[in-house]
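Letters go in sequence order (proteins before strands), and every chain restarts at 1.
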Protein chains: 2
Amino acid sequence: MADHLKSGLERPQRRRRKMQSITMTDVAEHAKVSPSTVSLYLRRPEAVSASAGSAIAHAIDKLNYVPNLMAGGLAAASSRAVSIIVPSVRNAFFAETVSSMQTALRRERLQVILGHTEYDEREEEDLVRTALSWSPAAIVLTGLAHSDATRRMLSHSPVPVIEIWELGGPQIETAVGFHHAEVGAASARHLIQQGRQHLLYLGARMHEDQRARQRCDGFLAAAGEAGVSVDVMQHPAPASADVGAMLLSEAMQTRPLTDGVACSNDHIALGALFECERLGIAVPDRLAVMGFGDLSFSGACNPSLTTIRPSGDLIGKEAARLIIDHMAGREPPAQSVIDTRFTLLHRRSS
Amino acid sequence: MADHLKSGLERPQRRRRKMQSITMTDVAEHAKVSPSTVSLYLRRPEAVSASAGSAIAHAIDKLNYVPNLMAGGLAAASSRAVSIIVPSVRNAFFAETVSSMQTALRRERLQVILGHTEYDEREEEDLVRTALSWSPAAIVLTGLAHSDATRRMLSHSPVPVIEIWELGGPQIETAVGFHHAEVGAASARHLIQQGRQHLLYLGARMHEDQRARQRCDGFLAAAGEAGVSVDVMQHPAPASADVGAMLLSEAMQTRPLTDGVACSNDHIALGALFECERLGIAVPDRLAVMGFGDLSFSGACNPSLTTIRPSGDLIGKEAARLIIDHMAGREPPAQSVIDTRFTLLHRRSS
DNA sequence: GCGGCAAATCATAGCGCTACGATTTATAAA
DNA sequence: TTTATAAATCGTAGCGCTATGATTTGCCGC
């Protein structure tokens with residue numbers, strides 16, 4: 001056993017593996033400084049003298065140096081990546097938030113690593129596990145509902161966690177979003193204020209989308225408090241105009257007195273408007289319709305759709321700000337909450 | 001100078017930096033094998049014996065080991081990340097492709113790193129530079145138009161490149177998509193077949209979106225060949241129903257003979273339909289309208305919208321397949337092209 | 001029991017970079 | 001000048017993992 005080779009000149013010709021063409025050492029040689037200085041320049045340019053700085057900048061430029069972020073991340077035990085985990089980017093809400101975060105993070109040279117849960121907690125858990133293996137600068141999760149394992153992993157890790165798009169439940173660290181129950185309540189109050197007495201909530205995918213469910217619950221509660229008749233109809237499929245049309249058509253048969261509907265989503269509301277048109281139901285005279293989301297078509301349709309605009313952009317921007325602040329050492333108070341609010345847009349459909 | 005410390009027992013008490021709680025070495029100790037075997041098990045489970053495998057699996061489970069992907073990536077000079085660069089995920093087309101890629105890649109434990117160019121070649125160049133510094137398993141770009149620097153960087157790197165959503169131009173390596181000019185031509189032919197003689201193309205953001213421009217060019221060419229009158233109207237803003245309504249309203253004033261319009265996008269077409277309704281223009285009797293995209297509302301609106309469905313999902317799926325095949329050593333032929341085609345959906349608006 | 005071979009396992013040498021502490025150089029005070 | 005102090009720069013030791021080639025083990029026929 002124990003037969004180490006003597007460490008003399010005899011070298012077991014173990015050839016080096018594939019290498020990156022240009023490394024920091026090359027830049028350092030070219031700029032006639034040490035690698036440490038190059039590294040320092042890259043991380044904190046102001047800590048390096050102007051002359052060394054420009055020599056390094058030239059060398060980088062000339063050699064077309066691309067730093068190896070994995071080596072850097074390994075050495076620093078943290079990377080310039082932010083993991084964003086959302087149910088799906090097919091959903092315009094989350095696409096908006098992801099997009100605005102990406103824009104804000106890019107300015108700080110932070111990368112976005114994206115994951116989709118498809119509303120599955122198990123999937124989320126797996127995504128979080130993988131995310132952690134990148135030692136990201138932060139992890140962004142959608143909503144406040146997570147599996148126990150997910151919570152455990154995150155609270156045992158040093159990675160900052162931000163939960164977005166939902167407030168009002170137990171949070172891991174920081175949360176940025178708004179209260180969905182309040183959205184529902186605001187919808188109910190608006191319809192009642194318009195003189196509606198027989199309310200109906202049309203929802204899609206509420207078994208999975210717990211925020212849609214919260215909006216529904218808020219709607220029911222506010223309507224109940226006001227002593228107005230109220231009911232719910234739902235469909236398990238993801239929100240779409242087809243589902244909205246289907247639900248409305250069925251609603252008008254089974255609940256003919258209905259004079260005000262709120263939808264879990266503008267897609268549903270749009271479908272409802274289309275169906276009203278086909279059925280000859282006057283909106284808003286006979287039936288008031290409102291949605292949630294203020295999607296791209298909501299202001300343009302006939303009649304224009306009363307809806308509630310969540311600040312998806314703002315959520316992304318604020319989440320990004322928190323991450324950037326954290327990296328700069330400006331910690332927010334623990335368990336802090338940023339309420340981005342929402343806006344009711346009263347248009348022609350109510 | 002040159003005063004190295006003797007390498008005796010005297011140790012400058014340089015304490016180790018922050019460390020990851022559980023490393024592969026811990027797992028190896030627990031499973032009573034060497035770290036190499038653990039690494040091998042993680043990468044090629046079939047290469048270790050069943051007994052060692054299960055011991056390792058137990059240890060991983062018990063210790064709750066999370067591998068450090070950056071260390072792995074550094075050592076292997078390639079990571080399990082795929083960089084996807086699209087104009088924006090706010091655009092439903094790209095959101096769909098990103099989403100379907102992410103789903104397919106996840107099964108192979110590949111991460112998606114997302115970047116948005118906002119239709120800016122300079123931004124794209126920057127994103128590609130950053131992407132390369134992660135040594136990704138592949139880089140996915142949107143379209144075939146890139147800056148020279150981008151092309152140079154990519155062709156000098158060993159990272160496979162896939163261009164999506166566009167065919168028909170000079171490509172870097174592999175391309176997955178369809179011919180946009182053919183989409184335009186198909187639209188024109190369809191309208192002509194429906195007896196329309198005064199065609200109009202409504203486009204948004206065509207100065208930036210070169211694929212929208214190609215569709216427009218294809219439309220003009222096919223209409224011209226058929227000897228039919230044809231014109232174009234455009235707006236620089238991103239596609240939306242508002243823009244569509246605005247363009248249609250203007251069109252009917254300045255080009256009152258128009259009896260068939262094709263839009264660069266279903267959002268535009270939807271806005272056009274809304275405006276027709278407001279103006280009392282009968283669709284399709286007086287005016288045929290068609291779009292592009294088959295977005296979620298397109299089948300549900302009044303009248304339902306004739307449109308062309310690009311296979312955004314399929315593009316993502318095929319691109320993911322190429323990446324996975326590449327990693328498994330199954331190379332596609334160089335400069336290969338996957339044409340995902342498109343489908344014309346003839347509905348009520350034409 | 002012994003070679004002969006394949007299967008399984010291991011030890012080692014980095015991958016390219018950053019953090020740390022030490023060293024050198026510039027600047028101010030004595 | 002000398003000394004104290006700050007600013008700039010540097011040398012070194014890993015970060016946790018994988019690729020490589022070497023070694024060990026298991027299994028066969030003889």
Polar side chain donor-acceptor pair, [X] to [Y], under 3.5 angstrom:
X: A:T103; Y: A:S100; value: no
X: A:T97; Y: A:W165; value: yes
X: B:E124; Y: B:H146; value: yes
X: A:S133; Y: A:T130; value: no
X: A:E125; Y: A:S147; value: yes

Distance check needed: [N] [atom2] versus [X] [atom1], whole Å only.
X: B:L42; N: C:dT9; atom1: CG; atom2: P; answer: 15 Å
X: A:L69; N: C:dT18; atom1: CG; atom2: P; answer: 9 Å
X: B:M70; N: D:dG14; atom1: CE; atom2: C1'; answer: 15 Å
X: A:W134; N: D:dC15; atom1: CH2; atom2: C1'; answer: 16 Å
X: B:M24; N: C:dC10; atom1: CE; atom2: C1'; answer: 14 Å
X: B:L74; N: D:dA19; atom1: CG; atom2: P; answer: 12 Å
X: A:N68; N: C:dC17; atom1: CG; atom2: P; answer: 6 Å

Is the distance from OP1 or OP2 of [N] to the nearest side-chain N or O of [X] less than 4.0 Å?
X: B:Y41; N: D:dC17; value: no
X: A:R43; N: C:dA19; value: yes
X: A:Y65; N: C:dG16; value: no

#### Entry: Sub-4.5 Å side-chain heavy-atom contact between A:V33 and A:V38
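SC-SC contact between A:V33 and A:V38 confirmed.
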### Query
Which heavy atom of A:L114 sits nearest a heavy atom of B:Q102, and at what distance?
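Closest heavy-atom pair between A:L114 and B:Q102: O-OE1, 3.0 Å.
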### Task
Please report the shortest heavy-atom distance between A:L144 and A:R151, naming the atom on each side.
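Shortest heavy-atom separation between A:L144 and A:R151 comes out as O-NH2, 2.9 Å.
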### Task
Would you mind telling me which of A:H30, A:H58, A:E29 makes a side chain to side chain contact (heavy atoms under 4.5 Å, CB included) with A:L63?
A:H30
### Touch class at under 4.0 angstrom, heavy-atom based, for B:L40 against every strand present
base
### Query
Using a heavy-atom distance cut-off of less than 4.0 Å, which residues of residues 46-64 of chain B contact DNA chain D?
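Listed by number, there are none.
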### Query
Using a heavy-atom distance cut-off of less than 4.0 Å, which residues of residues 30-39 of chain B contact DNA chain D?
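Result for residues 30-39 of chain B: B:S36, B:S39, sorted by number.
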